Participant: 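My questions all concern the structure below.
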Amino acid sequence: MPLSPSVLKALITTPAISPMAKSTPKLTKTALGWAAHDSSGKLTPFIFKRRENGVDDVTIKILYCGMCRTDVHFAKNDWGNTAYPIVPGYEITGIVIKVGSNVSNLKIGERVGVGYVAASCLECELCKSFQENYCDHMRPVYNSIHWDGSPTYGGYSTMLVADHRYVVHIPESLPMDRAAPLMGAGLTVYTAMKHSNLFESKGKHMAVIGLGGVGHMAIKFGKAFGHHVTVISTSPFKEKDAKEKLGADGFILSTDLKQMLRNRRSLDFVIDTVSAKHSLGPYLELLKVNGIISIVGEPAQPIEVPATPLIYGKKVIRGSIIGSVKEIQEMMYFCGEHNILCDIEVVSTDKINEAFDRLAKNDVKFRFVLNVAGHQSSKL
Ligand code: NAP
């Protein structure tokens with residue numbers, strides 16, 4: 001999710017660019033985090049200060065944080081815009097421990113989640129129409145600068161001070177560890193599918209490319225929305241889990257030309273979650289006429305788009321990034337009703353680098369979740 005280096009530099013050097021900007025940051029709250037300090041991406045314990053709880057803020061004791069491939073991209077500076085030290089993590093669940101005087105919708109002890117957006121201008125058309133995730137002045141929950149000039153540090157940390165307008169309720173029926181990646185992986189596919197009308201329609205033939213943290217949630221939402229769901233994967237060993245554990249209807253091994261040809265023009269919709277360099281050519285061949293491919297994966301290198309399979313079939317390529325707070329809350333309630341949860345492996349903070357390495361090697365079923373509150377010295 002990169003900003004261009006020049007935009008990022010502007011954000012860092014001119015923190016008070018918004019009409020919402022406050023005066024000097026009051027960084028009074030000590031937190032323990034796990035930070036990368038250079039492009040090796042290695043995470044080490046890091047003590048830092050967060051801002052004082054303001055009138056619009058809540059302070060959250062973080063319980064769990066999902067480990068998205070996005071965190072690896074940022075920690076290793078894949079997109080060339082990382083401002084070190086960086087505390088990654090934007091799939092956050094925790095408990096409210098302090099509430100500002102302007103906050104009426106959240107109470108101490110409440111189960112909450114925080115996602116990628118920490119702040120936005122709240123004044124532009126996008127913010128007013130619940131699309132603040134596309135606001136030009138959107139401030140991510142890490143690798144950015146908050147309105148008050150303080151750096152944003154993410155959820156691989158014991159505590160977070162968050163503006164209540166970007167915090168959602170987690171339904172009681174959802175366990176906090178398995179709910180954490182809903183804030184990112186779940187939301188990403190939920191909104192991309194919704195914006196391509198897969199929420200309203202039923203019985204479409206859809207597929208997900210890449211069975212990782214984001215991809216496995218596309219199967220769950222696809223089935224809950226009433227579609228026929230196929231996984232397109234480079235990993236033959238994932239077929240059994242895709243069908244038997246996650247409920248996929250079909251599995252195509254993308255490295256097997258015969259399987260790809262057999263499924264030519266069979267799909268209405270494809271969601272691409274691939275994190276590495278690839279061409280859309282073979283996948284465009286799988287779409288029916290007027291089919292849609294929605295890109296949510298964000299490889300560091302450009303995605304190749306050959307014109308022929310695109311134009312012979314009026315196919316549509318679109319992109320989507322996370323979702324709005326309104327959409328997160330709506331998705332959380334939908335998950336609560338339909339018992340949709342992420343398949344996770346919980347890791348302790350002393351195994352954080354091992355988890356990062358395994359994620360880079362495609363060795364996770366299907367999302368690592370960091371047990372932040374389980375940290376021995378998480379008194380901070
Ligand atoms: P992940 O768990 O590592 O999954 C990515 C999957 O991509 C892998 O499991 C693998 O699936 C497939 N893959 C990897 N290398 C490939 C290659 N060379 N060719 C084809 N397929 C390959 O990562 P994730 O956490 O799901 O994130 C996926 C991407 O989405 C990342 O780039 C991340 O930054 C991005 N993301 C975007 C948003 C958004 O809002 N748009 C939100 C979250 C994440 P198979 O083994 O099945 O092939």
Side-chain angles (χ1 to χ4, degrees), residues 1-4 66 68-71 73-74 78-79 90-91 113 115-117 120 124-127 129-136 138-141 166 168 181-201 204 206-222 224-225 227 229-232 267-276 278 280 283-284 286-287 290-305 310 315-332 334-335 340 342 367:
M1 304 174 193
L3 295 170
S4 72
C68 181
R69 187 63 198 236
T70 298
D71 301 339
H73 286 308
F74 270 122
D78 283 353
W79 295 319
Y90 73 103
E91 296 181 336
Y116 191 67
V117 179
S120 59
C124 70
E125 282 312 308
L126 290 163
C127 284
S129 57
F130 305 108
Q131 300 178 77
E132 73 282 352
N133 48 318
Y134 294 103
C135 168
D136 244 1
M138 188 268 282
R139 301 300 166 96
V141 75
Y166 306 90
V168 299
L182 290 173
M183 299 298 305
L187 177 69
T188 299
V189 293
Y190 177 86
T191 56
M193 289 164 66
K194 224 183 128 193
H195 297 158
S196 290
N197 297 324
L198 273 99
F199 189 64
E200 294 79 13
S201 58
K204 297 277 184 201
M206 65 159 278
V208 53
I209 316 173
L211 188 52
V214 175
H216 90 290
M217 292 312 297
I219 305 177
K220 298 197 180 200
F221 283 116
F225 293 171
H227 303 297
V229 184
T230 297
V231 171
I232 306 170
L267 299 168
D268 300 291
F269 174 81
V270 169
I271 185 160
D272 179 354
T273 76
V274 174
S275 54
H278 63 293
L280 286 192
Y283 307 114
L284 285 167
L286 300 180
L287 284 176
N290 290 317
I292 297 170
I293 186 160
S294 180
I295 311 283
V296 296
E298 197 175 348
Q301 305 83 0
I303 293 173
E304 189 194 326
V305 183
L310 182 70
K315 290 157 195 173
V316 176
I317 302 172
R318 62 163 53 125
S320 184
I321 187 107
I322 42 157
S324 66
V325 176
K326 187 169 179 272
E327 286 168 322
I328 307 179
Q329 192 61 78
E330 171 192 301
M331 175 205 65
M332 275 296 169
F334 183 86
C335 290
I340 294 177
C342 306
R367 184 62 116 206

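Treat the numbers as computed from the prediction; the structure is a model and nothing was measured. Sequential numbering from 1 along the given sequence is applied to the chain's residues.
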Participant: Measure the spacing between OH of Tyr134 and SG of Cys124 and express it to the nearest 0.5 Å.
Facilitator: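 So the OH of Tyr134 and the SG of Cys124 are separated by 13.5 Å.
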Participant: What are the two closest heavy atoms between Ala218 and Ile271, and how far apart are they?
Facilitator: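 The answer is CB-CG2, 4.0 Å.
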Participant: Please identify each residue that fulfils side-chain contact (heavy atoms from CB on, under 4.5 Å) with Gln301, with sequence neighbours left out.
Facilitator: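 Once residues adjacent in sequence are excluded, the partners of Gln301 under the side-chain contact (heavy atoms from CB on, under 4.5 Å) criterion are Lys277, Pro299.
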Participant: Taking the side chain as everything from C-beta on, heavy atoms only, tell me whether Ile232 gets closer than 4.5 Å to Leu267.
Facilitator: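 Yes, close enough: below the 4.5 Å cut-off.
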Participant: Quick check: does any side chain N or O of Thr273 sit under 3.5 Å from a backbone N or O of Ile209, one acting as donor and the other as acceptor?
Facilitator: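 Flag set: sc Thr273 to bb Ile209 pair under 3.5 Å.
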Participant: Whether the side chain of Asn133 engages the backbone of Ile321 through a donor-acceptor N/O pair (distance < 3.5 Å, no angle test) should be reported.
Facilitator: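 Confirmed, Asn133 side chain pairs with Ile321 backbone.
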Participant: List in chain and number order the residues that pass side chain to side chain donor-acceptor pair (under 3.5 Å) with Arg367, two or more places apart in sequence or in another chain; answer none if no residue qualifies.
Facilitator: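 For Arg367 the side chain to side chain donor-acceptor pair (under 3.5 Å) partners, ignoring immediate neighbours, are Glu91.
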Participant: Report the residues that fulfil salt bridge (Lys or Arg N to Asp or Glu O under 4.0 Å) with Lys194, sequence neighbours left out, ordered by chain and then residue number.
Facilitator: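 Result, salt bridge (Lys or Arg N to Asp or Glu O under 4.0 Å) vs Lys194: Glu330.
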Participant: Of the non-hydrogen atoms in Leu182 and Met331, which two are nearest, and what is the gap between them?
Facilitator: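 Of all heavy-atom pairs spanning Leu182 and Met331, the closest is O-CE, 3.2 Å.
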Participant: Do you know which of Leu287, Ile293, Val274 makes side chain to side chain contact (heavy atoms under 4.5 Å, CB included) with Leu280?
Facilitator: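 Among the candidates, only Ile293 passes.
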Participant: Is a side-chain donor or acceptor of Tyr90 paired with a backbone partner of Cys68 at a separation under 3.5 angstrom?
Facilitator: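 Not at all, since once roles are kept as given, no pair shorter than 3.5 Å links the two residues.
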Participant: Run the side chain to side chain contact (heavy atoms under 4.5 Å, CB included) test on Met217 and Thr188 for me, step by step, so that the C-alpha distance in whole Å, both residues' side-chain angles and the decisive distance to 0.1 Å come before the verdict.
Facilitator: CA-CA 9 Å; Met217 292 312 297; Thr188 299; over 6 Å; no
Participant: How are the rings of Phe225 and His227 set to each other: parallel, tilted or perpendicular (split at 30° and 60°)?
Facilitator: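 Rings of Phe225 and His227: perpendicular, as their planes differ by over 60°.
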Participant: Please identify each residue that fulfils ring pair (Phe, Tyr, Trp, His ring centres under 6.0 Å) with His278, with sequence neighbours left out.
Facilitator: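 Once residues adjacent in sequence are excluded, His278 has no partner under the ring pair (Phe, Tyr, Trp, His ring centres under 6.0 Å) criterion.
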Participant: For Asp71 versus Gly66, what's the shortest heavy-atom pair and its separation?
Facilitator: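 Heavy-atom minimum between the residues: OD2-O, 3.7 Å.
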Participant: Are more than 12 heavy atoms, taken from residues, nucleotides or ligands other than Lys204, located less than 6.0 Å from that residue's NZ atom?
Facilitator: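 Incorrect, the count does not exceed 12.
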Participant: Which residues pass the side chain to side chain donor-acceptor pair (under 3.5 Å) test with Ser129, sequence neighbours left out?
Facilitator: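 Ser129 satisfies side chain to side chain donor-acceptor pair (under 3.5 Å) with Gln131 once adjacent residues are dropped.
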Participant: Taking all atoms of both residues into account, what is the closest heavy-atom pair of Ile219 and Val208, and its distance?
Facilitator: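 Scanning both residues, the minimum pair turns out to be CG1-CG1, 4.2 Å.
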Participant: What residues form a side-chain contact (heavy atoms from CB on, under 4.5 Å) with Thr191, not counting sequence neighbours?
Facilitator: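 Residues passing side-chain contact (heavy atoms from CB on, under 4.5 Å) with Thr191: Leu187, His195, Ser320, Glu327.
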Participant: Please find the pair of heavy atoms, one from Arg318 and one from Ser196, that lie closest to each other, and give the distance.
Facilitator: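 In this case the closest contact between Arg318 and Ser196 is NH1-OG, 2.7 Å.
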Participant: Return the minimal non-hydrogen interatomic distance between Glu298 and Trp79, and the atom names on each side.
Facilitator: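 Heavy-atom minimum between the residues: O-NE1, 3.2 Å.
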